[in-house]
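In the text below, chain A, chain B and the rest are named by the order of the sequence lines, each starting its count at 1.
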Amino acid sequence: MSRRALVTALLVLAVVALFAVPLLLDGGASEYGGTDAAVTEELAADGHAPWAESLFSPSGEVESGLFALQAAIGGGVLGYVLGRLRGRRSAGRPGPAGADAR
Amino acid sequence: MHIAEGFLPAPHALGWTLAAAPFVAHGARAVVKEVRENPESTLLLGAAGAFTFVLSAIKLPSITGSSSHPTGTGPGAILFRPPVMALLGTVVLLFQALLLAHGGLTTLGANAFAFAVVGPWTGYLVYRLTRATGVGLLPAVFAGVALADLATYVTTSLQLALAFPDASTGFAGALVKFLGVFALTQVPLAVGEGLLGVLLFRVLTVNARPELERLGILRPAPLAPTGGAA
C-alpha cells in the first residue's frame, strides 16, 4: 500500500471513528435529537409561538426520503465531477487550465 | 443552525433578511462572472455546491447525545472565495425550507447570514491567515473548513440570543444557553467536516491541478510537471 493510500485510509477511518465511537460508548442511552429541534422546543417552552408555518411540512418518513434525495443529488454531482477530473488526468492531458472544457 | 419557520420576531427576521440580501445578490453576480469568464471552473463550482448539498443533508451524532448538521461551505469558500458560497449556501437553505420544513422563509435571511455568509467568510479568512503564516495547504484547509462549520453555529446562537434574551441574565445568559445547545455538539462535526475537506483537497490537488493553480490555491509548478518530454 502506498503512503498516499495509507493516509487516505486513515483519514476515512478517523471520520468514521469520530461518529461511530460516541455511538458505541453511549450504548443506546441517548436519543440523538437534533440541536435545531432542541432549540425550537426550548423557545416553545418559554412561550414563544411561531407566527408563520412552513408552506409544506412532509411527514417524518417523507422527510427522511427528501433528505436522502438531497444527499444523493449532492453525492451524484460530486462523484461525477471527481470522476471527470480523474478521467481527464488519466487521459494524459494535464495541459493548461480548461484544455478540455470546450 | 436552522432557526425554525416563524420563530424569529418579525423585526429580526426582516433585519437579517436585509443584512443577508446584498451578500446573496453579490454572490449571484460572482457565480455568473466566474462561469462566464472561466467556463472551465464550472466543474469545480459544481463540486463545491455538491459538497455543501451532501453535508448539510446529513445529521450526525455527537458526543453530547444530540445530533446536528455539518455545513460543507468551507471548500467552496476556499476555492472560489466566499461570495460564491453566499449564493450556493442560500440555494441549499431554500431547498430545505421549501421541501423539508427545515428552517423557513421568514428565517431564511438569518439562516443564510449564518450558513452562507459568516461561515464561508470565516473559513476563507482562517484559511488565508494560516496559509500566510506558512502553514501547508492541507492543514489550512482543515482549519478553514472546520471553523466555517463552527462559526455558522456560533452565529445562530448569537442571533437567537439577540432575539430571545434571558429574562434575568439578558443577552449574555441567553448566548451561553444557546451556545450550550449548539457549540459543544458541533465540535466533533466540525472536526469531521475538516477531515472530509482535507480528503476532497487531496483528490483535487492530484486531479485538478490546473484549476487550483489558476485559483491561486497551488503555486504553478516550475516548467511542465508531467509529460514534459514533448
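In this structure, A:Tyr32 has no ring-ring contact (aromatic ring centres under 6.0 Å, His included) partners at least two apart in sequence or on a different chain.
Both the backbone and the side chain of B:Ala10 come within contact range of chain A, with heavy atoms under 4.5 Å apart. Looking at A:Val62, neither its backbone nor its side chain comes within 4.5 Å of chain B, counting heavy atoms on both sides. Heavy-atom distances place both the backbone and the side chain of B:Ser68 under 4.5 Å from chain A. Residue A:Glu53 touches chain B through its backbone alone, counting heavy-atom pairs closer than 4.5 Å. Only the backbone of B:Ser62 comes within contact range of chain A, judged by heavy atoms closer than 4.5 Å. Residue contact with chain B, scored on non-hydrogen atoms closer than 4.5 Å, involves the side chain of A:Leu23 exclusively. Looking at B:Val191, both its backbone and its side chain come within 4.5 Å of chain A, counting heavy atoms on both sides. Residue B:Glu193 does not touch chain A at all, counting heavy-atom pairs closer than 4.5 Å. In this structure, the portion of B:Thr106 lying under 4.5 Å from any heavy atom of chain A is its side chain and not its backbone. The contact between B:Leu160 and chain A is made entirely by side chain atoms (from C-beta outward), counting heavy-atom distances below 4.5 Å. Neither the backbone nor the side chain of A:Ala37 comes within contact range of chain B; no heavy atom of the residue lies under 4.5 Å from a heavy atom of that chain.
Taking CG of B:Leu179 as the reference point, atom OG1 of B:Thr156 lies at 10.0 Å (rounded to 0.5 Å). B:Asp149 CG to B:Phe115 CZ: the interatomic distance, rounded to the nearest 0.5 Å, is 9.5 Å.
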(request) Go through the steps for B:Ser41 and B:Asn38 under the test side chain to side chain donor-acceptor pair (under 3.5 Å), then give the verdict. (result) CA-CA 5 Å; B:Ser41 288; B:Asn38 302 297; 4.6 Å; no
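In this structure the side chain of B:Leu189 never reaches within 4.5 angstrom of the side chain of A:Leu18, judged on heavy atoms. The side-chain heavy atoms of B:Gln96 and A:Gln70, taken from C-beta on, include a pair separated by under 4.5 Å. Considering only heavy atoms from C-beta on, B:Met1 stays 4.5 Å or farther from B:Thr155 through its side chain.
With respect to the salt-bridge test (charged N to carboxylate O, under 4.0 angstrom), the residues B:Arg214 and B:Glu37 do not qualify.
Chain A forms the most heavy-atom pairs under 4.5 Å with one residue out of B:Gly49, B:Pro61, B:Ala4, B:Ala13, and that residue is B:Pro61. Among B:Gln186, B:Lys177, B:His102, the residue making the largest number of heavy-atom pairs under 4.5 Å with chain A is B:His102. Highest contact tally toward chain A, considering only B:His69, B:Lys59, B:Arg202, is held by B:Arg202 [criterion: heavy-atom pairs under 4.5 Å]. Most heavy-atom pairs under 4.5 Å with chain B: of the set A:Leu43, A:Asp46, A:Leu82, this distinction falls to A:Leu43. When A:Val21, A:Ile73, A:Leu25, A:Val39 are compared by the number of non-hydrogen pairs under 4.5 Å with chain B, A:Val39 comes out ahead.
Residues B:Ser66 and A:Thr35 have side chains that never bring a donor and an acceptor to within less than 3.5 angstrom of each other.
Each of B:Thr107, B:Ile3, B:Leu108, B:Leu8 was compared with B:Trp16 under the side-chain contact (heavy atoms from CB on, under 4.5 Å) criterion, and only B:Leu8 meets it.
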